Engineer: 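Take this structure, written in structure tokens, and hold onto it; I'll ask about it next.
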Amino acid sequence: MIPPKWLSTLFVTVFLAGQGTVAQFQLDLNDPGMLMVYWTGCSVVTNQGFPAPTESIKSTAATTAYNMMAYYNGNETGKEPGKLPGTWWEGGAMFMTLVQYWFFTNDSSYNSVIQQGMYYQKGNNDFFPNKHSQYLGNDDQVFWGLAAMTAAEVNFPEKDDEPSWLSLAQGVFNTQVPRWDTSTCDGGLRWQIWPYQAGYTIKNAISNGGLFQLAARLAYYTHNDTYAEWAEKIWDWSATTPLLREGVWTIADTTNTEANCKDHGDMQWTYNYGTYVSGAGYMYNYTKGGDKWKKGIDGLLGTTFRNFFPQKFENGTIMSEVACEPNQMCDRNQRCFKAFLSTWLAFLTTIAPYTTDEIIPKLQASALGAAQQCSGGDDKKHCGRRWYQEKWDGYKGLEEQMSALGIFSVQMITHGGDRNKAPLTSDTGGTSKSNPDAGNDPDEKPDVKRPITTGDRAGAGIVTAIFMGGWIAAVAFMLWGG
Ligand SMILES: *[C@@H]1O[C@H](CO)[C@@H](O)[C@H](O)[C@H]1NC(C)=O
Ligand SMILES: *[C@@H]1O[C@H](CO)[C@@H](O)[C@H](O)[C@H]1NC(C)=O
Ligand SMILES: *[C@@H]1O[C@H](CO)[C@@H](O)[C@H](O)[C@H]1NC(C)=O
Ligand SMILES: *[C@@H]1O[C@H](CO)[C@@H](O)[C@H](O)[C@H]1NC(C)=O
Ligand SMILES: *[C@@H]1O[C@H](CO)[C@@H](O)[C@H](O)[C@H]1NC(C)=O
């Protein structure tokens, strides 16, 4: 019953020829598949499976993944696997997005590139490799931990001679927990790890939210309550500072130890909300519907929707990095944040299923919005930054493709199969092995006094410039305004 190969080839040729002049993606989220009637010479064969019902989503995501990977050359001879030019943390973010892409589409084209890069950067099984660790912040490291955690949750292929994905995530947890700093503000993770780094005096949302989410996911996967206790501790501490304001449900980007964590850099970023709301989702599920976490989910989702989905489109609203897209001020880091909110919200619908009806229309509208403006580059399929704009806005970097890949991949979640299943756990089929002691090697500590020798500080600079502006404004307010 399978049509001969040449028919598919013919179809693809005709189909693609017809597409030749079409700019951007023709994304159809409910593509019913095409009824093909084949004349094979001796019988008529109908085929519902080609193109498959989800062909439109898959091909859109595949092109975007391909365009994203064009910026990566770490797998070429003589290059450093896992390392992107000018940034270290984005490598982890990129692999996380690719693992999710594989999970949702089953396209394994990049699996060996992902494995090579992630294992190469594993350091002492804690994603804190000596080569880069002297300039890394907690947020840089945690993204790689979240990538490994994602790989564990979807049974992404492992290599027998390498540590498990789960243990690599545990290694990040184990190296970050000892950095919990009670010498200022009664707790919290600092943004930067080393005193010589600008940002050492700051405690920020992404570092604390990142570890909160990681801890919650480890609890969910392993059922080890120690992780859940840490998750709750980080959440509760955050709520004593402007980083997490319960009740009004806002997340400030930064707060400064020099102001006893009373001041606040209030820039609003999608990924900060994403880390906390997703972590609350895992805790909600882990505690079998705990009220505290439901309040957190509902509160933070409300603010997330109000803040970051300003524009109506089709049956939903389109996601926007509102602090920097309208004014065209997004720095390199900020351009990929939407990938994380997209995928974390999608997974949230599986661990807190009651959120599905609210979240899915927004993810769908965002994907349709994104697709209509992906007409940049030579192939006229590179995505720009502003999904709410009908036309491509002129940007087409790695980060723009990463954000778009995140929102395209998750559209598979409404198409059944295994793709709408919750992240795996150790007793629902997750096979990644636990090693609660991973990453605890005392020999592997870089020299604290070592000066920065590399110009490569992009990851560490996630919000420095913006923070400084916000901080000056806050101080000015305290001095003259209040
Ligand atoms: C590197 O990975 C890309 C996919 O991103 C692949 O097309 C290319 O062949 C790989 N190069 C090498 C040298 O393996
Ligand atoms: C996923 O892809 C693999 C090959 O990479 C194949 O063996 C498997 O059948 C595919 N699964 C589904 C559900 O399509
Ligand atoms: C936890 O996740 C599972 C898997 O999706 C789901 O069946 C269950 O309803 C969730 N628990 C709660 C309290 O929503
Ligand atoms: C969503 O919008 C489209 C057209 O904009 C419409 O045809 C469709 O019925 C709507 N779907 C739902 C579920 O409201
Ligand atoms: C639970 O996690 C903690 C913290 O990593 C660890 O010390 C403990 O051994 C773990 N317990 C089990 C049963 O794995």
Side-chain angles (χ1 to χ4, degrees), residues 2 26-33 48-59 61-62 65 98-115 151 153-158 216-217 219-223 228 231 277-298 301 311-318 344-369 371-372 390 409-430:
I2 295 170
Q26 306 299 306
L27 178 61
D28 181 354
L29 299 178
N30 297 306
D31 184 353
Q48 263 275 228
F50 184 80
T54 49
E55 194 56 34
S56 173
I57 298 171
K58 283 185 181 171
S59 68
L98 284 174
V99 167
Q100 291 157 338
Y101 168 70
W102 166 80
F103 169 68
F104 284 116
T105 65
N106 199 38
D107 177 1
S108 55
S109 309
Y110 304 103
N111 286 13
S112 57
V113 180
I114 298 168
Q115 287 180 332
E153 288 171 348
V154 300
N155 273 349
F156 185 75
E158 298 186 334
R217 291 169 75 170
Y220 171 86
Y221 192 101
T222 65
H223 311 289
V277 78
S278 158
Y282 282 92
M283 289 303 289
Y284 168 78
N285 199 281
Y286 179 75
T287 57
K288 303 197 165 43
D291 191 48
K292 169 174 183 168
W293 303 110
K294 181 170 188 305
K295 281 207 182 84
I297 295 172
D298 294 344
L301 268 189
Q311 182 145 328
K312 281 202 165 59
F313 190 68
E314 299 284 332
N315 306 314
T317 45
I318 301 180
W344 291 337
L345 285 182
F347 283 113
L348 181 59
T349 66
T350 70
I351 47 179
Y354 78 89
T355 62
T356 305
D357 291 349
E358 271 190 299
I359 289 176
I360 294 295
K362 296 186 176 59
L363 296 182
Q364 291 182 329
S366 299
L368 293 168
Q372 65 171 353
E390 270 176 49
S409 300
V410 301
Q411 302 308 315
M412 296 296 290
I413 206 164
T414 59
H415 288 276
D418 279 346
R419 299 158 193 127
N420 57 0
K421 289 234 175 78
L424 299 172
T425 72
S426 61
D427 57 30
T428 61

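Note: hydrogens, waters and symmetry copies are ignored here, and every other heavy atom, side chains too, is used. Order of appearance sets the numbers: ligands from 1, and atoms from 1 within every ligand. Predicted model only: the values in this text are computed from it and were never measured.
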Engineer: Under 4.0 Å from atom 11 (N) of ligand 2, is there at least one protein heavy atom?
Structural biologist: yes
Engineer: Any atoms of ligand 3 less than 4.0 Å from a non-hydrogen atom of Ala422? List them with their elements.
Structural biologist: 4 (C), 5 (O)
Engineer: Among protein heavy atoms, which lies nearest atom 8 (C) of ligand 2, and at what distance?
Structural biologist: Asn106 ND2, 3.7 Å
Engineer: Give the residue and atom name of whichever protein heavy atom lies nearest to atom 5 (O) of ligand 2, and the separation in Å to one decimal.
Structural biologist: Ser108 OG, 3.6 Å
Engineer: Report, in ascending order of atom number, the atoms of ligand 3 lying under 4.0 Å from any heavy atom of Gly289.
Structural biologist: 13 (C)
Engineer: Yes or no: does Tyr354 have any heavy atom under 4.0 Å from an atom of ligand 3?
Structural biologist: no
Engineer: Within the 4.0 Å heavy-atom shell around Thr350, which atoms of ligand 3 are there?
Structural biologist: 2 (O), 4 (C), 5 (O)
Engineer: Report yes if some heavy atom in the side chain of Pro423 is under 4.5 Å from a heavy atom in the side chain of Ile351; otherwise report no.
Structural biologist: yes
Engineer: With a 3.5 Å cut-off and no angle check, do the side chains of Tyr101 and Asp107 form a donor-acceptor pair?
Structural biologist: yes
Engineer: Can you measure from CH2 (Trp293) to NZ (Lys288) and round to the nearest 0.5 angstrom?
Structural biologist: 15.5 Å
Engineer: Could you tell me whether some N/O pair between Asn285 and ligand 3 is separated by less than 3.5 angstrom?
Structural biologist: yes
Engineer: Which of the atoms of ligand 4 are close to Glu314, meaning less than 4.0 Å from one of its heavy atoms?
Structural biologist: 2 (O), 3 (C), 4 (C), 5 (O)
Engineer: Take a 6.0 Å sphere around NZ of Lys292 and say whether it holds more than 12 heavy atoms from other residues, nucleotides or ligands.
Structural biologist: yes
Engineer: Quick one: look up the protein heavy atom nearest atom 7 (O) of ligand 3 and list residue, atom name and how far away it is.
Structural biologist: Pro353 CG, 5.0 Å
Engineer: Would you call Thr425 and His223 a side-chain contact if the rule is heavy atoms closer than 4.5 Å?
Structural biologist: yes
Engineer: A side-chain contact here means heavy atoms from C-beta on lying under 4.5 Å apart; do Thr350 and Leu348 qualify?
Structural biologist: no
Engineer: Among all the protein's heavy atoms, is there at least one whose distance to atom 2 (O) of ligand 4 comes out below 4.0 Å?
Structural biologist: yes
Engineer: Set out, in order, the CA-CA distance, both residues' side-chain angles and the distance that settles ring-ring contact (aromatic ring centres under 6.0 Å, His included) for Tyr110 and Trp102, then state yes or no.
Structural biologist: CA-CA 8 Å; Tyr110 304 103; Trp102 166 80; over 10 Å; no
Engineer: Do Val99 and Val154 make a side-chain contact, defined as non-hydrogen atoms from C-beta onward lying under 4.5 Å apart?
Structural biologist: yes
Engineer: Any nitrogen or oxygen of Tyr220 lying under 3.5 Å from a nitrogen or oxygen in ligand 3? Just yes or no.
Structural biologist: no
Engineer: Using a 6.0 Å distance limit plus a 45 degree cone around the ring axis, check whether Lys294 lies over the aromatic ring of Tyr354.
Structural biologist: yes
Engineer: Suppose we measure from atom 9 (O) of ligand 4 to each protein heavy atom; which comes out shortest, and what is that distance?
Structural biologist: Asn315 ND2, 5.0 Å
